[in-house]
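Everything on this sheet refers to the single structure shown next.
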Amino acid sequence: MSRELGPTLTYANGVALLTCAFLFISTIHARTQDSNIRQVTDNPPRHNHNLLGTATELRFKSFIQEYGKDYYTHEEYVHRLGVFAKNLIRAAEHQALDPTAVHGVTQFSDLSEEEFESMYLGVKGGFGRVGSGGGNEAKLLEVGKLPDNFDWREKGAVTEVKMQGTCGSCWAFSTTGAVEGANFIATGKLLSLSEQQLVDCDHSCDIKEKDSCDEGCNGGLMTNAYNYLIKAGGIEEEKSYPYTGKSGKCKFNPEKIAVRVANFTNIQVNEDQIAAHLVQNGPLAVGLNAVFMQTYIGGVSCPLICPKKMLNHGVVLVGYGSRGFSILRLGYKQYWIIKNSWGKRWGEHGYYKLCRGHNMCGMNSMVSAVVTHTY
């Protein structure tokens with residue numbers, strides 16, 4: 001009898017937790033039916049005026065002041081107020097589905113989901129597979145003796161958090177982060193490398209998916225970028241080819257190459273292998289589904305639902321920890337430490353914590369390591 005009871009209780013608890021989460025979401029929507037926020041859930045512009053003079057507008061004004069927002073016309077102000085109100089509901093929904101993290105107002109709260117994706121994401125062809133752009137499959141590594149906690153920031157292999165701006169160039173920042181780490185391991189020197197060179201000069205395409213090409217602020221793939229760097233001979237430092245946040249004419253100067261990429265490998269086995277390659281090879285370029293990141297403020301993100309086959313954002317995996325509390329996962333759980341490219345005011349000083357061991361948001365679907373030449 002006891003053998004059957006345990007799984008039954010576990011299942012019942014899981015159903016109860018899911019039910020509570022969805023009941024909470026239903027309650028949110030029910031409450032908004034009696035408020036002015038309901039007027040903008042489908043964002044009809046004429047109804048946004050009903051939000052003027054409400055508590056929602058007061059929060060919106062605080063948001064404008066905190067993040068230095070500026071709208072040039074009254075119509076744009078009212079439109080963004082409506083988007084902001086809709087995102088308040090969305091943040092509450094995210095909080096219900098991801099209760100171990102903190103969700104709320106961020107610098108992106110005046111952007112629609114579509115605007116946010118076009119401006120701040122940018123991974124192409126990321127449908128749950130490692131980019132096929134010529135890299136070898138990574139060899140299996142021993143995972144039995146991995147440390148409980150590991151962080152390349154503590155070892156000096158990670159540059160400061162950068163800001164991609166309103167440009168879908170996350171793929172370029174993910175690439176440079178991995179190359180910066182690999183170069184540090186090879187030479188002991190931490191150099192900040194040029195994302196702008198990739199944005200301006202890299203137009204390479206995936207070998208198997210010919211329509212998945214690197215197109216500056218219109219998106220790209222990290223594996224394409226590695227192939228470009230191998231063919232171009234290397235990458236300049238940030239200081240010699242600074243970032244502008246927009247696509248421009250290629251100004252790459254081979255005489256200013258700072259780091260040369262020798263090869264790269266694709267890692268797609270499981271998260272233990274990802275951890276082993278992280279420890280051995282340095283920071284890794286990773287593709288994720290960023291659906292919960294627009295409203296993320298801090299904590300360990302471990303959502304109940306996060307599609308694993310729609311990868312749209314490139315980031316840098318720099319470490320992991322073992323003591324991130326996750327109540328819906330029944331206790332302390334491991335988590336990944338992820339460097340983002342939205343500035344230090346986003347998330348935890350520019351970083352994202354994502355629970356480890358669940359392939360959360362496609363964590364093990366698009367991961368790559370880099371090897372650089374030494375001089």
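These numbers come from the heavy atoms of this one structure, side chains and all, not from hydrogens, waters or symmetry mates.
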| query | Can you hop from V199 to V261 via hydrophobic side chains spaced under 4.5 Å? | reply | no
| field | Test item: T106 side-chain N/O and Q294 main-chain N/O as donor-acceptor pair under 3.5 Å | value | yes
| request: Kindly give the heavy-atom pair with the smallest separation between Y320 and A275, and that separation in Å. | output: CE2-CB, 3.9 Å
| field | Side chain proximity check, V318 to K339, heavy atoms < 4.5 angstrom | value | yes
| Are R356 and Y335 in a cation-pi setup, meaning NZ or CZ lies under 6.0 angstrom from the ring centre and within 45 degrees of the ring axis? | no
| query | Does T54 reach the side chain of L52, with side-chain heavy atoms less than 4.5 Å apart? | reply | no
| said: Has S194 got a side-chain atom pairing as donor or acceptor with Q197's backbone, closer than 3.5 angstrom? | reply: yes
| request: Show your working on side chain to side chain contact (heavy atoms under 4.5 Å, CB included) between I338 and Y351 and close with a plain yes or no. | output: CA-CA 6 Å; I338 293 169; Y351 284 84; 5.9 Å; no
| Any idea which heavy atoms bring W336 and L317 closest together, and the distance? | CE3-CD1, 3.4 Å
| Under the 3.5 angstrom rule, does the side chain of S204 hit a backbone N or O of N224 as a donor-acceptor pair? | yes
| task | State the OG-NZ distance between S192 and K239, to the nearest 0.5 angstrom. | result | 10.0 Å
| said: I'd like to check L229 versus K231 (side-chain heavy atoms, cut-off strictly below 4.5 Å). Are they in contact? | reply: no
| Taking a hydrophobic cluster as the set of Ile, Leu, Val, Met, Phe, Trp and Tyr residues connected by side-chain heavy atoms closer than 4.5 Å, whether directly or through intermediates, do V316 and V371 fall within one such cluster? | no
| query | Y71 and I64: side chain to side chain contact (heavy atoms under 4.5 Å, CB included), yes or no, with the steps? | reply | CA-CA 9 Å; Y71 308 115; I64 290 173; 3.7 Å; yes
| field | Spacing of NE2 belonging to H103 relative to CG belonging to L88, to within rounding of 0.5 Å | value | 14.5 Å
| note | In K162, E348, H313, the residue satisfying side-chain hydrogen bond (donor to acceptor under 3.5 Å, both in side chains) with N340 is H313
| message | Between E115 (side chain only) and S112 (backbone N and O only), is there a donor and an acceptor less than 3.5 Å apart? | response | yes
| task | Tell me, with the steps shown, if E195 and T176 meet side chain to side chain donor-acceptor pair (under 3.5 Å). | result | CA-CA 7 Å; E195 293 81 20; T176 57; 2.7 Å; yes
| query | Are the side chain of N289 and the backbone N or O of K308 linked by a donor-acceptor pair below 3.5 Å? | reply | no
| request: Could you tell me whether the side chain of Q164 and the main chain of W342 form a donor-acceptor pair under 3.5 Å? | output: no
| message | So that I know where these two stand, are Y243 and F173 an aromatic pair - ring centroids less than 6.0 Å apart? | response | yes
| remark: In this structure, CG of N359 is separated from CG of N364 (nearest 0.5 Å) by 3.5 Å
| message | Within the structure provided, determine whether E238 and L193 are in side-chain contact (heavy-atom separation under 4.5 Å). | response | no
| said: Does either side chain, that of S368 or that of N266, offer a donor lying less than 3.5 Å from an acceptor on the other one? | reply: no
| query | Quick one: do the T159 and E180 side chains pair a donor with an acceptor below 3.5 Å? | reply | yes
| message | Once you measure the plane-to-plane angle for Y77 and H74, does it fall in the parallel (<30°), tilted (30-60°) or perpendicular (>60°) bin? | response | parallel
| request: For the pair T187 (side chain) and N183 (backbone), establish whether a donor and an acceptor sit closer than 3.5 Å, ignoring hydrogens and angles. | output: yes
| field | Distance in Å, L311 CG paired with M366 CE, rounded so as to fall on 0.5 Å steps | value | 5.0 Å
| said: I'd like to know if the side chain of S62 reaches the main chain of L58, judged simply by a donor and an acceptor atom lying under 3.5 Å from each other, with no hydrogens or angles considered. | reply: yes
| Judged by atom type as modelled, is there a donor-acceptor pair below 3.5 Å linking the side chain of R153 to the main-chain atoms of V158? | no
| query | Is the cationic atom of R80 (NZ for Lys, CZ for Arg) positioned less than 6.0 Å from the six-membered ring centroid of F63 and within 45 degrees of its normal? | reply | no
| said: Would you say that more than 12 heavy atoms from the other residues, nucleotides or ligands in this model lie under 6.0 Å from the CZ of R59, or not? | reply: no
| said: With heavy-atom distances below 4.5 Å as the criterion, would you say the side chains of L288 and L354 are in contact? | reply: yes
| query | Say you draw a straight line from CH2 of W171 to CG of L221; how long is it, rounded to the nearest 0.5 Å? | reply | 9.0 Å
| said: Working note: T295 + N87, criterion side chain to side chain contact (heavy atoms under 4.5 Å, CB included); need CA distance, chi angles, decisive distance, verdict. | reply: CA-CA 8 Å; T295 61; N87 279 329; 5.7 Å; no
| task | Compare every heavy atom of P99 with every heavy atom of L97, then report the nearest pair and how far apart it is. | result | C-CD, 3.4 Å
| query | Just wondering, do I274 and H277 contact through their side chains at under 4.5 Å, heavy atoms? | reply | no
| For V123 against C170, the heavy-atom pair lying closest together | N-SG, 3.8 Å
| query | Can Y67 and D110 be counted as having a side-chain donor-acceptor contact under 3.5 angstrom? | reply | no
| field | Nearest heavy atoms of A262 and I230, plus distance in Å | value | O-CD1, 3.9 Å
| query | Do the side-chain N and O atoms of D98 and Y296 include a donor-acceptor pair separated by under 3.5 angstrom? | reply | no
| query | Hey, any chance M119 and M163 share a hydrophobic cluster, counting ILVMFWY side chains that come within less than 4.5 Å of each other, even indirectly? | reply | yes
| said: Could you go through L191 and V259, starting from their C-alpha distance and side-chain angles, then the distance that decides it, and tell me whether this counts as side chain to side chain contact (heavy atoms under 4.5 Å, CB included)? | reply: CA-CA 9 Å; L191 303 177; V259 178; 4.2 Å; yes
| task | Could you point out which residue of K256, Q196, E255, K251 forms a side-chain contact (heavy atoms from CB on, under 4.5 Å) with E236? | result | K256
| request: Could you check if a side-chain atom of Q273 sits within less than 4.5 angstrom of a side-chain atom of V143, using non-hydrogen atoms only? | output: yes
| message | With rounding to the nearest 0.5 angstrom, report the CZ to CZ distance, F292 to R90. | response | 9.0 Å
| NZ/K69: more than 12 non-hydrogen atoms of other groups inside 6.0 Å | yes
| request: Taking the six-membered ring for Trp and the full ring for Phe, Tyr or His, determine whether the centres of W152 and F184 are under 6.0 Å apart. | output: no
| query | Considering all heavy atoms of both residues, which atom of M360 and which atom of C306 are nearest to each other, and what is their separation? | reply | SD-CB, 4.1 Å
| request: Let me see the working for Y120 and Q107 under side chain to side chain donor-acceptor pair (under 3.5 Å), right down to the final yes or no. | output: CA-CA 12 Å; Y120 290 96; Q107 65 260 52; over 6 Å; no
| Residue pair N253, Y241: steps toward the side chain to side chain donor-acceptor pair (under 3.5 Å) verdict | CA-CA 9 Å; N253 184 349; Y241 201 148; over 6 Å; no
| query | If two hydrophobic side chains count as joined below 4.5 Å and joins carry through other members, does I185 share a cluster with F150? | reply | yes
| Short side-chain to backbone donor-acceptor contact, E137 and T265, under 3.5 Å | no
| task | Identify whether L278 and L146 are in the same connected component of the hydrophobic contact network (ILVMFWY, side-chain heavy atoms under 4.5 Å). | result | yes
| query | Are side-chain N/O atoms of T175 and Y226 paired as donor and acceptor at under 3.5 Å? | reply | no
| Using the ring of each side chain (for Trp, its six-membered ring), is W346 parallel, tilted or perpendicular to Y352, with breaks at 30° and 60°? | tilted
